Every structure is written in C-alpha cells, then in structure tokens.
Amino acid sequence: MKTTVLSFVVTLSAFTTISHAGCNQQLLRAAESLRCNADSLVSEFQEEIEHKRVCSDERRFMESLCVLENQTDRFFSDVRSGDDPACLQRSFCSIKQTFDCAQRTASEIRVCSCVRELMGKFSRTLCSIESQRLLVPYEAPRHRHSDYSDSRYSGHRDDRPSAVVRPEAVLLQGLIQILQSR
C-alpha cells in the first residue's frame, strides 16, 4: 500500500513538473539561443578588431555587445529558475533596447559578414519570442463549476492574462487577515 501511494505521489509530482516545465521550455530554448548568439557576437567582433586600431564607434559597439552578453546570461538564468514573468518581461525589454543600440552603432561602422549574420539571428530570436508570446504568464486552465452556471456568468469571458499568484503572497495575506482579526 505504501509503495502504491508513494509511486502515485512521485508520478503526480513528475507530471506536475513536466507540465510546468513544458510551458517554459520554448522560452528557455530561446533564452539559450540569445545567450549563445551574444557570446558569439562578442568573440567574433573581438577577433575582427584584435589586430587593428579601434575607433570610438567600434569601442562603443563592443561595449554594447558586452552589456548584451551580460543581460542575456542573466535572462537565461532567470528563465531557468522560473523568475516572475514581469521581471522577465523587463529583462527582455532591456535586451531589446541594448540590441537596438548595438544595431544603430553597427550601421555606422564596418563589421564582417559573420557579425552581421549573428546579429540577424539574434534579431530573429527576439522577434520569435515576441510573436509567439513566450513571456505571457502561464495560466492554468479554468474549470467551470456549478456556481458559474448562473446566467450572470454565462456570457462573461475575460481574455486578459491573469496575474500569477505566488504562494508567499497568499501566506502573507492570510497572516495579515489573522492579525487584523485579533
């Protein structure tokens, strides 16, 4: 009996983990792609300017690439650890702004075709994350209960993504309510 219960609990927890991991796997792969592309951009451009005199625009471009590399490393870590979607969205916006700045600078200097190709891949990955709406918070399917069979609720449909409720917030709210009732 204990074995059956234990195997059921393990199976249930594995299923829960897989279902939650499955909804973030696409974003995790995209974040890994951004990170790899940023690393490659830095190393390719370093090779390109290694044995020549560097102008201020090239230095600024390199600085943008280094910032981009740090941001994508952090973004990948945050996605992997399941950080809050709002924080991920802010990080993603920062990455886009830094990349836009790097693109503007790249248009003012001469860069090799490898760097241009990597920038194109990076841009396509950014567009993919946006077009596939990978940063929209995961929402569990809503089940209709008998309470909602009332005609007041039958035509109501809310397509806006709901906020993710964190367990810590629920516990804190319960604690506040207990303290207020004293």
Side-chain angles (χ1 to χ4, degrees), residues 6-48 60-106 111-143 157-173:
L6 182 60
S7 66
F8 176 74
V9 170
V10 169
T11 304
L12 182 61
S13 67
F15 177 76
T16 304
T17 303
I18 290 169
S19 68
H20 287 296
C23 67
N24 284 333
Q25 288 302 310
Q26 244 183 325
L27 180 59
L28 186 64
R29 282 191 299 274
E32 172 68 15
S33 177
L34 288 175
R35 183 177 77 145
C36 290
N37 283 334
D39 291 345
S40 296
L41 275 167
V42 168
S43 62
E44 280 293 326
F45 192 66
Q46 277 177 337
E47 279 182 33
E48 185 177 333
R60 192 176 55 195
F61 181 65
M62 187 65 189
E63 288 169 359
S64 293
L65 293 181
C66 289
V67 169
L68 193 63
E69 182 180 36
N70 290 333
Q71 288 174 327
T72 56
D73 284 344
R74 211 175 6 223
F75 183 68
F76 175 75
S77 264
D78 292 347
V79 169
R80 188 175 53 193
S81 66
D83 207 356
D84 181 46
C87 291
L88 292 176
Q89 184 68 39
R90 283 191 298 274
S91 295
F92 182 74
C93 288
S94 294
I95 289 170
K96 282 178 41 177
Q97 288 174 346
T98 303
F99 183 69
D100 288 344
C101 178
Q103 277 187 313
R104 282 191 302 275
T105 307
V111 294
C112 71
S113 61
C114 293
V115 171
R116 291 230 184 264
E117 185 179 318
L118 286 168
M119 290 185 76
K121 286 174 72 173
F122 196 92
S123 178
R124 286 188 296 277
T125 305
L126 289 175
C127 290
S128 174
I129 290 172
E130 286 182 320
S131 68
Q132 294 179 17
R133 300 174 44 92
L134 296 179
L135 288 172
V136 173
Y138 173 73
E139 229 181 283
R142 296 181 185 169
H143 299 286
R157 183 173 173 196
D158 189 7
D159 288 333
R160 293 176 291 156
S162 65
V164 176
V165 179
R166 301 201 72 117
E168 303 88 29
V170 173
L171 290 172
L172 184 61
Q173 186 64 33

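The structure presented is a predicted model; accordingly, all values stated were derived computationally and were not measured.
A side-chain donor-acceptor contact under 3.5 Å links Ser64 to the backbone of Arg60. Looking only at distances, no side-chain donor or acceptor of Ser33 sits under 3.5 Å from a matching main-chain atom of Arg29.
Residues Ala30 and Thr125 approach most closely at O-CG2, 3.6 Å, considering heavy atoms. The two atoms that bring Arg116 and Ala106 nearest to each other are NH2-O, 3.3 Å, heavy atoms only. Between Leu135 and Pro85, the shortest heavy-atom contact is O-CB, 4.3 Å. For Leu41 against Val115, the heavy-atom pair with the smallest separation is CD2-O, 3.6 Å. Heavy-atom minimum distance, Leu27 versus Leu134: CD2-O, 3.7 Å. Residues Ser123 and Phe99 share a closest heavy-atom pair of CB-CE2, 3.8 Å.
A side-chain N or O of Thr98 and one of Gln71 form a donor-acceptor pair less than 3.5 Å apart.
The environment of CD in Glu117 is sparse: at most 12 heavy-atom neighbours from other residues, nucleotides or ligands sit within 6.0 Å.
Below 30°, between 30° and 60°, or above 60°: for Phe61 and Phe45 the angle between ring planes is above 60°, a perpendicular geometry.
For the atom pair Asn70 CG and Ser94 OG, the distance stands at 12.5 Å (nearest 0.5 Å).
With sequence neighbours excluded, no residue forms a side-chain hydrogen bond (donor to acceptor under 3.5 Å, both in side chains) with Glu44. Taking the salt bridge (charged side-chain N to carboxylate O under 4.0 Å, His left out) definition, one finds that Arg80 meets it with nothing, sequence neighbours left out.
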